[in-house]
Amino acid sequence: MTARPEHLPERLALLADMQAATYITEGLLTGREDVPSIALNKATEELPVDDARFRLRPVRDLIDDVMHKFRDDERPPTAADAWLAPRLHATLRLTRREAADARLWSYLALGVAPDYVVRRHLPATPRKDGGAPSVARARFRGVHYTQAFARLWWTAELFRNGPDYAPVVVACGNQDMLNTALRMDVVDHRPTALALVRLIERGVIRTGREANALASAVNASAATLMYDVVAQDSERDAEPLRDWIAAAEGASPVSRNALPEGPQEERAPENSVVVLTDYFEGLYADAPVRGRELASDPPAG
Amino acid sequence: MRAYPYARPSGPVTLRVTAVRLNGPDEAREDLDTKGYSVVEQVVALGRAERPDWETARLKLSATVPAREIETKGHWSDLTVVAVLTEKATNARTVARLEPEGSDKREWTGTVTLARPDHLDRATLSVHVVATVDGVPGRIIASSERDWMVDVTADVPLRDRQLDVVTVSFARAAEWLRPFRDAPWMVDTSGRMPTVRLNTDFEGLTALVQGAGTKVESLVGEMLLSQLCTDVWTAVFHTAIGDLEIEDDGTPLLPPDWRGEVLREMLPDVVPGRSVEDALREVHARRTGDGTWAELQPRIHYAATRRAEVPKALGETVRGIERLDQEATA
C-alpha cells in the first residue's frame with residue numbers, strides 16, 4: 001500500500017496540473033507505489049502568501065489521526081469524511097478564492113497525503129476490464145466535487161451554518177448527497193444546502209437513491225422558483241472570515257473529539273431553512289425514486 | 001425555448017452597471033474609472049482599480065423590466081427584482097434586491113457587492129424578475145437575456161479573453177520546459193487559462209511576433225502569429241475534449257471554465273449543423289471508442305485555422321510580398 005511521503009517540507013505548496021499528471025502513475029492508483037516526494041517537491045510552486053495557515057504539519061497530523069482512528073476498517077468509511085471535512089476546513093482557514101486553486105488540492109493529495117487518498121478511495125472490486133482495483137485519477141487531481149480533499153473542504157464550506165459544522169457531519173453521512181449536491185449550483189444558496197441536510201436529519205432521506213432523487217427534484221424546481229427570494233439568506237459579511245484567518249497564527253490544533261468552530265459568520269435565518277425544508281419535503285414526496293417500493297434499500301456507503 | 005407551467009411576460013429585461021465603487025481597508029474608497037466597464041461588452045474590469053488592496057466592489061445597477069405588460073396582463077403580483085452575482089469556480093452566490101424608481105416601475109436600481117475573497121476570476125451577473133403566479137410565490141417570470149461579466153483581474157472590459165503570452169528561456173526555465181528547448185513556442189493548457197510560452201532562446205522571435213520591425217518582418221510576424229494561434233486552438237480543443245466530466249448515463253458535460261467556452265466556439269465547425277450538446281456527445285463518442293477519431297482530425301484542424309484566421313493572414317502576406325516586389329522593381 002502507498003506509504004506516507006518520506007519528505008514532508010515545512011510548508012504547503014502548489015502543484016500545477018502538468019506536474020501533478022506526471023506523478024499520478026498506474027502504480028500509485030493501484031496503491032503499489034509511493035510518490036517520489038523529494039522530486040515532487042522540486043516541481044512545486046510557492047504559495048503567494050506566507051502565513052501560519054500554510055504549515056504542512058497540522059494538516060499531516062490530521063491525516064495521521066484519521067488513518068489511526070479508522071485503522072481497523074478495511075478502508076476509511078464515510079465516517080472518516082465526516083470527521084475530516086470540518087477539521088480540514090478549520091485547520092486550513094482558506095478564503096474561497098484560495099480554495100478555488102486546484103493546485104493546492106493536487107499538492108495535498110500527492111505531496112502531503114497520497115497514502116490517505118489511496119486508502120480512502122481504492123475500490124474493493126477489480127476494474128471492469130479485470131485489472132487491479134484502482135483509484136480514480138480525479139481523486140488526486142480534479143474538479144472540486146471529486147478531488148479527495150477539495151470535496152471535503154467544499155462540503156464543509158457549503159454545508160456549514162456560520163461557525164457550526166454540525167450540518168457538514170450530517171451531509172457527509174450520505175455520500176450520494178455529497179456527490180450529487182456538491183456539483184449543483186443550488187447548494188451555493190445556504191438555506192437550500194441546510195434544508196437538504198434537515199431532510200436527512202428528519203429521516204425523510206435515508207438512502208443514496210433517495211438523496212439523488214431529492215437533489216434532482218430540488219435542482220429542477222430551481223429553474224422556475226427563486227429560492228433566494230422565498231427563503232432569504234442573511235447578508236454575507238467578510239469581516240468574521242478575515243478575523244478567523246488572522247487568528248490562525250495563534251490558534252491551537254483543532255480538537256480531535258469536539259467539533260471545531262468555523263468563522264463567526266451569521267447563521268442562515270432559521271425561518272428560511274424551515275420554509276425550504278417543508279417545500280423540499282413536498283417536492284420529494286412527488287419525486288420518482290429508483291426502487292422506492294423496496295422499503296429496505298440499504299444506506300449508501 | 002423551454003416551457004413554463006405558468007404565464008411569463010414576453011418583453012425583455014435588461015441590466016446595466018452604472019457605477020463601480022471599490023472599498024479598501026480603513027474606509028478607503030475609489031470610484032472605478034468609466035473605462036473600467038463597458039455597456040457594449042457588458043463587462044466590468046476590476047483589474048483597472050488603482051488601489052491593489054481593494055476588498056469589496058460595489059456595483060450600482062439599473063434594470064428595466066416590461067412593466068406595462070406586467071401591469072396590463074395582470075397575471076403577476078408581489079413583483080421583486082433581484083440581481084444575482086455568481087462564480088462557478090468559487091461557488092459564490094450573492095443576491096441583491098433592486099428597488100423601483102418612479103411610479104411606472106419600469107426601472108429598478110440597487111447595488112450588489114462583490115467580496116474579493118469570494119472570487120477568483122470572472123463572476124456572472126444577471127437579473128431576474130420574481131413574482132407570485134397562480135398563488136405560487138417566488139416564480140421566476142423573466143431574466144436578463146445577456147449576463148454581465150465581472151472580471152476580477154482584467155484591466156480592459158472585454159468579453160473575449162486575451163491569450164496569456166509569456167516569454168521565457170526554455171533552456172533555463174522550469175524543469176519541464178527544458179526538453180523542449182528546440183521548440184520556438186509551447187502551448188500550456190493545464191492551468192486556469194491557456195498560456196503561450198515563447199522561447200527567448202530563439203533570438204528575434206519575440207520581436208517578430210510582436211510585429212515590431214521592417215515591413216518584411218511584420219509580414220512574417222503576422223504569419224507566425226496565425227500559425228501560433230492555430231497551435232493554440234488545436235491544443236485547447238484537445239485539452240477541453242480530453243478532460244470531460246461524464247454523467248452516470250454517459251452524457252458528457254460542458255466544462256464550466258474556458259474549456260467550455262472553447263468547445264461552444266469550436267464544436268459548430270467540428271460537427272456542423274448540430275446543437276452544441278449533440279456535437280459534444282458525438283465528438284466524445286468518437287474519441288473514446290468507435291474508431292472514427294482520426295477522421296475528425298481534419299475538422300478540428302479546420303476549426304482551429306478558421307479561429308486563427310490563417311486564410312486571412314496568408315492572403316495578406318501574399319499581397320504584401322507582391323507589393324514589396326513592386327516597390328523593389330519600381
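Numbers restart at 1 for each chain; the letters A, B, ... are given by sequence-line order, proteins then strands. Just so it is clear, the model here is predicted, and its values are computed rather than measured.
- Of the options A:Asp188, A:Val187, A:Asp185, a side-chain contact (heavy atoms from CB on, under 4.5 Å) to B:Arg93 is made by A:Asp188 and by none of the others.
- Only the side chain of A:Gln232 has a heavy atom closer than 4.5 Å to any heavy atom of chain B.
- Interface remark: A:Glu98 contributes no atoms to any contact with chain B (heavy atom separation under 4.5 Å).
- When B:Lys88, B:Arg97, B:His128 are compared by the number of non-hydrogen pairs under 4.5 Å with chain A, B:Arg97 comes out ahead.
- For a residue to count as touching a neighbouring chain, one of its non-hydrogen atoms must lie under 4.5 Å from one of that chain's; by this rule B:Arg116 touches chain A with backbone and side chain alike.
- Within the 4.5 angstrom heavy-atom criterion, atoms from both the backbone and the side chain of A:Val229 approach chain B.
- If you measure heavy-atom distances from A:His144 to chain B, the contacts under 4.5 Å come from the side chain alone.
- Pairing each heavy atom of B:His119 with each of A:Arg97, the nearest pair is O-CD, 2.8 Å.
- Expressed to the nearest 0.5 Å, how far CG of B:Asn91 lies from CG of A:Leu182 amounts to 7.0 Å.
- Here B:Val95 is the residue among B:Val95, B:Thr86, B:Thr56, B:Val84 with the most heavy-atom pairs under 4.5 Å with chain A.
- Note: A:Asp228 CG to B:Thr80 OG1 = 11.5 Å, rounded to the nearest 0.5 Å.
- Considering every non-hydrogen atom in both A:Thr224 and B:Pro5, the closest pair reads CG2-CD, 4.4 Å.
- Neither the backbone nor the side chain of B:Val133 comes within contact range of chain A; no heavy atom of the residue lies under 4.5 Å from a heavy atom of that chain.
- Using a 4.5 Å cut-off between heavy atoms, A:Ala150 makes no contact with chain B at all.
- Surrounding CZ of B:Arg172 are at most 12 heavy atoms belonging to other residues, nucleotides or ligands under 6.0 Å away.
- Remark: B:Lys60 NZ is loosely packed, at most 12 non-hydrogen atoms of other residues, nucleotides or ligands lying under 6.0 Å away.
- When heavy atoms are compared at a cutoff of 4.5 Å, B:Glu87 does not approach chain A at all.
- Heavy-atom pairs under 4.5 Å with chain B were tallied for A:Lys42, A:Met18, A:Arg96; the largest tally goes to A:Arg96.
- Looking at A:Arg236 and B:Asp118, their side chains come closer than 4.5 Å, going by heavy atoms from C-beta outward.
- Using a 4.5 Å cut-off on side-chain heavy atoms (C-beta onward), A:Arg242 and B:Glu55 make contact.
- Heavy atoms closer than 4.5 Å to chain B are found nowhere in A:Arg190, neither backbone nor side chain.
- Residue contact with chain B, scored on non-hydrogen atoms closer than 4.5 Å, is absent for A:Leu94.
- In terms of heavy atoms, B:Thr90 sits closest to A:Ala100 at CG2-CB, 3.9 Å.
- We find the CZ-CG distance between B:Arg139 and A:Leu225 to be 6.0 Å, quoted to the nearest 0.5 Å.
- Only the side chain of A:Tyr145 has a heavy atom closer than 4.5 Å to any heavy atom of chain B.
- Heavy atoms closer than 4.5 Å to chain A are found nowhere in B:Val152, neither backbone nor side chain.
- Atom CD of A:Glu46 sits in a sparse spot, with 12 or fewer heavy atoms from other residues, nucleotides or ligands closer than 6.0 Å.
- At a 4.5 Å heavy-atom cutoff, A:Arg103 makes no contact with chain B through either its backbone or its side chain.
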